[in-house]
Amino acid sequence: MSELLQGLNDRQKEAVLHDRGPLLILAGAGSGKTRVLTHRIAYLIAERDVSPYSIIALTFTNKAAGEMKDRVARLVGPGSESIWVSTFHSSCVRILRRFIDTIGYRTDFVIYDTDDQKALMKEVFKTLGIDPKNTKEKTVLSVISHAKDELIDPARFELEAGPDKHQRMYAACYKEYQKRLKENNALDFDDLIFKTIELFDVNKEALAYYQRRFQYILVDEYQDTNSAQFMLIHMLANHMNENGIIEHNLCVVGDDDQSIYKFRGANIRNILDYEKSYPEAKVIRLEENYRSTGSILDVANEVISHNRERKSKRLWTQNGAGEPVELRCYPDDREEQNAVVGEIAAAVREGLYTYSDFAILYRTNAQSRGFEDKLIFRNIPYKIIGGQSFYQRKEIKDLLAYLRTIASGVDSMAIKRIINVPKRGIGAATIEKLMAYTEERGCSFYEALCSAAFVPGVERAAAKIERFVSLIEGLRTKLEKGFRLRDIIDEILEATQYIDYLGEDDEPDKVAERIENINELISKIADYEDSCEDTNEMPTLAAFLDEITLVSDIDEMESDADKVLLMTIHSAKGLEFPNVYLVGMEEGVFPGYMSINADNPSEEIEEERRLCYVAITRAKEHLYMSYCRQRMLRGDIQMSRQSRFVDEIPRHLLKISGSQLSRKLSDDEGLKRRFGSSYGEDEWGITRDYGEPKKSTRWENPYKKISQTSTGYAAKTGGNTSLDALQSMFAGSVSKGISGASSGDLGYGVGDKVRHVKFGVGTVTAISKGSKDYEVTVEFESGVKKMLASFAKLVKI
DNA sequence: TGTATGGATATTTTT
DNA sequence: TATCCATACA
């Protein structure tokens, strides 16, 4: 027997051994599907003489792709590099970089992220005279995105829009938006898939080339594919071999119970109807779970069994029952946060677990805040996944915009982002005029910049623009000369004095963090260049930019750090943790009120239930679910009831709070005092009275008050001690007021009496240096005013 | 050109 | 409650 089959169960073996033809693997959570996929690939190569070159494996995340690549490499050894293991999007980029010129784009196209899309849509609104008050860019963009998911192009959208006013407006936006993307030689994320299909439609040779090449296609997380991705896969799989037979060597792996991305266009019918698309398909169910205890799986099975639209399946394990799943009820969200964080602290203190053994999962990002406060307060290292990702940070986007500007000749979005960052005195009015010129001449924005001197109305800014253009040109020359990318970045920082610019506003704390981020970007660039050296590839700016626009937060998660992880359930998909706290199990939170009040509640609730199933099955050893009697929601206190998903779990499967909680926390006086020893024993009868929620407890984040007055200190990084926080905050407020008073050229200084045209006589209390002007604080009789020196026209008396 | 401020607005988000 | 945006002033 091949050693590739060792240690696999019968079902898994069957999946690995399956020869030709369509295969659907229904892989329950934790059933070892990555193992099956990687072993299948290895088996094809080792035992069936399939060339690595003719295998493609498609995933949704870089993380999944990376993992699979590593594991296949270990199994296959040299030669595994020629297997395409990548995300849908990167695969499409790769294809398009080679062939997109046949559908009218240049092969050096740029990829627009959400911010770029929004900015572009803003311009579309302006040209079409759409009032952004009545219509939001985001709404239109999501309409367009859904259209693209369904492969509806602007022309067809218009056709189908009919007489409906809104639809017609969307159609107009779609058309204009697409036109502008093309002018910028840009594609958005959805286009990457859409345009690949368009390419295959138009350019049959290209399609035939890839069909011939990819004899074996494997797709991970198949339940999350949308219609466009479905089409793409099926086009590729529709290859007729030399005997005139279409084999459909298409192996898809997925779990309909874990389909949680409907809102992003995922079409659950793709997996439910796989056998309809391919009647000859073989279906294999992987139901043995290697991750969780029996107790956890019992709960998961119970919850998901309430869904109607699903393929029947029941997870089981040889792991043994383990500890029962616990359910807790807390008087309010604050108590929930304290209890969870306190318990983690206690468990680590006792040496039972390390911080990284714990994950706190919630339905909405907003719920992370409270837990974060408590973690900071107790000085527990943590990491919040999601929210603002690294590449969305201002300083990173700015620098990337410089790189993009250098890389592309026609992408205007990037230029507009940085043309006045740091401030160069090129304002909105100037840009407006340049845009008009662009429109008139049919030239690109950059070309307009180059001939700024001839653009009507920008004479005054022309010199400044020229300086900007020569900066970019200089950088381009360096790039062409073969300078390393890391040196180019240094060059940019140097030439623009970017660090100084950052220092001008924001608290010192934030500035330090931003500089930290910039350093991280530089080391990422260096990493990229080094990795290219290893593989003998030419490091190009374009390739680097591709790589990072297609990366996400969770891809970057360092698994070695000992930190408590906090994330939404969506982000947790595919991950596992020894101990999971599933918090906020309340009607209105989870399932969210949006799904409860949706037009098609049953469908939406089923999706939420799948989400719940995903959350439960993340836990390996312990699962703690909790809910609150009342919670602060959008400003006011809301009463809430336990989630219907909790109702769906038979009582005997749950350990409902009780003694263990209070015993565990006996050294935590705060909790003990508040809850009493019998805290939480009465969840099901809502009898016990917890009294009025306390407005402020001793667990309240002590910085909160201060932070509001000192322009909002917010600890974003994990592991800050409270002392650090206080100190840096103090430093921040001090340096804000009195520094930089060396301003002799103003004709007055701190302590001088001055006269203002409108406010009369006052005393200067502070002067601080802005980008190119001084900010003067003056105490008038009518009150304290802050003003820019050049505007204030203050006269010393 | 920058900032202060009021008003609207508030799931989830692999790329 | 907090956050994001467009608009009004200095």
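We use all heavy atoms of the structure for the numbers below, so side chains are in, but hydrogens, waters and symmetry mates are not. Chain A is the first sequence line, chain B the second, and so forth, proteins listed ahead of strands; every chain is numbered from 1.
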task: Using atom CD of A:Gln367 as one end and atom P of C:dA2 as the other, report the distance to the nearest whole Å.
output: 15 Å

Sticking with atom [atom1], work out how far [N] lies from [M], rounded to a whole angstrom.
| N | M | atom1 | result |
| --- | --- | --- | --- |
| B:dT11 | C:dA6 | C1' | 25 Å |
| B:dT13 | C:dC4 | P | 15 Å |
| C:dC5 | B:dT12 | P | 15 Å |

query: Is the phosphate of B:dT13, meaning OP1 or OP2, less than 4.0 Å from a side-chain N or O of A:Ser571?
result: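 A:Ser571 to B:dT13 OP1/OP2: side-chain N or O found under 4.0 Å.
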
task: Would you please confirm or rule out a distance under 4.0 Å between OP1 or OP2 of B:dT11 and any side-chain N or O of A:Lys262?
output: no

With sugar-phosphate meaning primed atoms plus P, OP1 and OP2, does [X] contact a base, only sugar-phosphate, or nothing at under 4.0 Å between heavy atoms?
| X | result |
| --- | --- |
| A:Lys138 | nothing |
| A:Tyr593 | sugar-phosphate |
| A:Glu608 | base |
| A:Asp636 | nothing |

- request: Check whether the aromatic ring of A:Phe263 stacks on the base of B:dT13, taking stacking as ring centres less than 5.5 Å apart and planes within 30° of each other.
  value: no

Side chain of [X] only, please: which of [options] is the nearest?
| X | options | result |
| --- | --- | --- |
| A:Lys136 | C:dT7, B:dT13, B:dA10 | B:dA10 |
| A:Lys573 | B:dT14, B:dT12, B:dT11 | B:dT14 |
| A:Asn365 | B:dT14, B:dT13, C:dT7 | B:dT13 |

statement: Hits for side chain to side chain contact (heavy atoms under 4.5 Å, CB included) against A:Ala266, two or more places apart or cross-chain, chain-then-number order -> A:Tyr261

task: Would you confirm whether the ring centroid of A:Phe263 sits within less than 6.0 angstrom of the ring centroid of A:His570?
output: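 Yes - the distance between ring centres of A:His570 and A:Phe263 falls below the 6.0 Å cut-off.
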
Between side-chain atoms of residues 609-618 of chain A and protein atoms elsewhere (two or more places apart, or another chain), which donor-acceptor pairs fall under 3.5 Å?
from	atom 1	to	atom 2	distance (Å)
A:Arg609	NE	A:Glu648	OE1	3.0
A:Arg609	NE	A:Glu648	OE2	3.4
A:Arg609	NH1	A:Asn307	OD1	2.7
A:Arg609	NH2	A:Glu648	OE2	2.7
A:Arg610	NE	A:Ser259	O	2.7
A:Arg610	NH2	A:Glu607	OE1	2.9
A:Thr617	OG1	A:Tyr613	O	2.8
A:Thr617	OG1	A:Val614	O	3.0
A:Arg618	NE	A:Val614	O	2.7
A:Arg618	NH1	A:Leu575	O	2.9
A:Arg618	NH2	A:Gln258	OE1	3.4

